[in-house]
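Down below is the structure, laid out as structure tokens.
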Amino acid sequence: MSDPGNCTASLLKEEDATAGRPDNRQLCEENKDNEDFSDISDSELQQLQDTAEKGDRSLPEIKNKRTEDGTSLESIDVNAESGEDLYQDGTRERDILRRKRKQEVGTPLEKYSLRYLTVTDICSQVWCEQQMVYKMELPALVEKSAAMSEGSSIHLARELEVHDIVSVTTKTREDSWAIKCLNILAMIPVLQSGGRVREFPIFAELDGLYVVGVIDELGYSSKGELELRELKTRASPTLPGSSQKRSHEMQVFLYKLIFDRMVSGDLQPDVIMQHLKLRPEQELGSQVKEHAITSDLNVSTFRDVLELTCLNLTYSDLPMIDSLKLEYCFQGDGSLLGCEEVTFQKEKVLEQLTFNLSYWKGLREVQGVDIEDAWKCRMCEYSSICEWRAQKTRSIALRTLNKRLK
DNA sequence: ATTGCTGAATGG
């Protein structure tokens with residue numbers, strides 16, 4: 001490994017990833033015969049009304065068996081093969097934490113005990129907010145699709161082209177955040193020398209909320225502009241529809257928003273630690289320290305690494321992101337389907353963000369999709385229990401009924 | 001808090 005700038009952070013956990021995983025296949029099959037909100041037959045009308053009055057909503061019982069030894073192994077990167085096992089594990093972990101600590105009152109953020117949101121959380125909110133909320137409440141219902149696994153491995157393959165991978169065991173939450181910092185510290189010089197990096201960790205406070213993410217790729221364009229590239233692999237050889245593109249655009253917009261903050265010296269160690277409830281004096285784990293030493297960094301507590309990172313970001317004179325590109329590739333043969341530059345309109349992005357965050361702050365109720373986007377429900381794991389959908393269906397049914405009575 | 005706080009992104 002000649003270039004220390006080529007390491008990224010990741011995490012490994014629990015060996016028996018598949019144990020206790022509920023089989024969702026049947027549920028997914030069932031969802032196939034769900035129709036749009038419209039097109040309701042006469043016989044269904046009465047049924048719908050009955051159901052509506054009863055308020056029937058049978059939630060399937062979800063069990064989360066899990067080994068309780070709790071030993072966690074974190075690493076500075078994935079030893080390949082990450083795909084499914086890690087995903088399933090992570091999901092169950094989040095599931096347990098959220099459901100255990102679920103409170104009946106407070107803002108959604110408090111209800112799900114979230115100290116931060118991820119960029120993906122906000123993007124799935126753009127796709128369907130109601131679905132995103134169900135994912136928080138009942139994550140076990142989602143099964144990773146083949147397209148998603150394929151996407152993950154393509155991304156991993158690309159990452160391996162530019163990164164060496166080193167695993168590191170961690171003991172504390174501070175250790176995992178220290179790894180993010182170490183990776184940032186390693187990537188800064190690569191960017192300064194005009195190089196290319198993948199999986200750049202980002203985090204910043206947006207509108208009072210902490211948002212965390214990972215930038216797929218950063219590099220320089222032929223014009224010498226700092227360019228963000230987000231690879232989207234597609235199961236079919238087609239470009240995404242407008243609805244899906246909207247969510248992709250939001251993703252890169254948020255990346256830029258956060259990255260720009262980071263390089264303009266907006267990051268304050270104390271604010272970060274307060275927000276994320278990290279202990280500044282926490283001594284770093286031996287493996288983390290070891291890695292820091294090989295990178296010639298003299299650090300012993302979490303505060304040391306975080307402060308060093310904030311200072312580096314502030315004074316390394318990295319540019320803000322000039323260009324945002326969405327790159328679509330076909331999973332089948334790897335062919336490029338299209339690459340488009342999206343224009344960052346700050347006002348619009350902030351407006352969208354404010355709307356999304358207002359849900360988390362408890363300023364408004366959850367919203368599902370509009371009728372014209374009801375096609376999304378056909379591939380949604382939660383359509384059979386969806387309150388929003390039921391309500392929409394009901395209101396349309398009643399409207400149809402009224403028309404007929406006229 | 002009884003023991004208590006998350007790899008993010010993957011695609012539609």
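Every chain is numbered from 1, with letters handed out A, B, ... down the list of sequences. Computed over heavy atoms, backbone and side chain alike; hydrogens, waters and symmetry mates excluded.
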Q.
Could you go through A/S221 and A/K325, starting from their C-alpha distance and side-chain angles, then the distance that decides it, and tell me whether this counts as side chain to side chain donor-acceptor pair (under 3.5 Å)?
A. CA-CA 11 Å; A/S221 68; A/K325 281 198 175 142; over 6 Å; no

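- Scanning both residues, A/A147 and A/A235, for their nearest heavy atoms gives CB-CB, 3.9 Å.
- The separation between A/M136 atom CE and B/dC5 atom P is 18 Å, rounded to whole Å.
- In this structure, A/R229 atom CZ and B/dA9 atom P are separated by 18 Å, rounded to whole Å.
- Here A/S145 does not reach the OP1 or OP2 of B/dT10: none of its side-chain N or O atoms lies under 4.0 Å away.
- For A/E381 against B/dG12, no side-chain N or O and base N or O form a donor-acceptor pair under 3.5 Å.
- For A/T233, the side-chain atoms get nearest to B/dG11 when compared with the rest of B/dG11, B/dC5, B/dA8.
- Atom CD1 of A/I202 is separated from atom C1' of B/dA8 by 10 Å (rounded to the nearest Å).
- At least one side-chain nitrogen or oxygen of A/Y116 sits closer than 4.0 Å to the OP1 or OP2 atom of B/dA8.
- Backbone-only contact: A/K232 has heavy atoms under 4.0 Å from sugar-phosphate atoms and none from a base.
- Between the CD atom of A/E150 and the P atom of B/dA9 there is a distance of 20 Å, rounded to whole Å.
- As a whole-Å value, the separation of A/L231 CG from B/dT10 P is 8 Å.
- Here the closest heavy-atom approach between residue A/S243 and residue A/W375 is recorded as CB-CZ2, 4.0 Å.
- Under the ring-ring contact (aromatic ring centres under 6.0 Å, His included) test applied with A/H275, the options A/Y210, A/F203, A/Y116 reduce to a single match, A/Y210.
- The backbone N or O of A/T107 lies less than 3.5 Å from a partner atom in the side chain of A/E110, making a donor-acceptor pair.
- Of the residues near DNA chain B, A/R115 and A/S124, the one whose nearest nucleotide (by heavy atom distance) lies more toward the 5' end is A/R115.
- With hydrogens and angles left out, the side-chain atoms of A/D121 and A/Q125 include no donor and acceptor closer than 3.5 Å.
- Among B/dA9, B/dG12, B/dT10, the nucleotide with an atom closest to any side-chain atom of A/V119 is B/dA9.
- One can place CD of A/Q131 at 13 Å from P of B/dG12, the figure rounded to the nearest angstrom.
- The 5' end of DNA chain B is approached more closely, in terms of each residue's nearest nucleotide, by A/L276 than by the other of A/G151 and A/L276.
- Of the options A/K376, A/R234, A/E249, a side-chain hydrogen bond (donor to acceptor under 3.5 Å, both in side chains) to A/Q244 is made by A/R234 and by none of the others.
- Backbone-only engagement by A/E230 is indicated by non-hydrogen atom pairs under 4.0 Å involving sugar-phosphate atoms exclusively.
- In this structure, A/H275 atom NE2 and B/dC5 atom P are separated by 19 Å, rounded to whole Å.
- One finds no side-chain N or O of A/H155 lying less than 4.0 angstrom from the OP1 or OP2 phosphate oxygen of B/dA9.
- Taking the six-membered ring where tryptophan is involved, the planes of A/Y328 and A/H248 are tilted, since the angle between them lies from 30° to 60°.
- The shortest distance between the side-chain N/O atoms of A/R234 and the OP1/OP2 oxygens of B/dG11 is not below 4.0 Å.
- The CG atom of A/L278 sits 10 Å away from the C1' atom of B/dC5 (whole-angstrom rounding).
- Ranking B/dA9, B/dG12, B/dT10 by closeness to the A/V214 side chain, first place goes to B/dA9.
- Among B/dA9, B/dG12, B/dG11, the nucleotide with an atom closest to any side-chain atom of A/M379 is B/dG12.
- Non-hydrogen atoms lying under 4.0 Å from DNA chain B are contributed by A/Q244, A/Q251, A/Y255, all within residues 239-258 of chain A.
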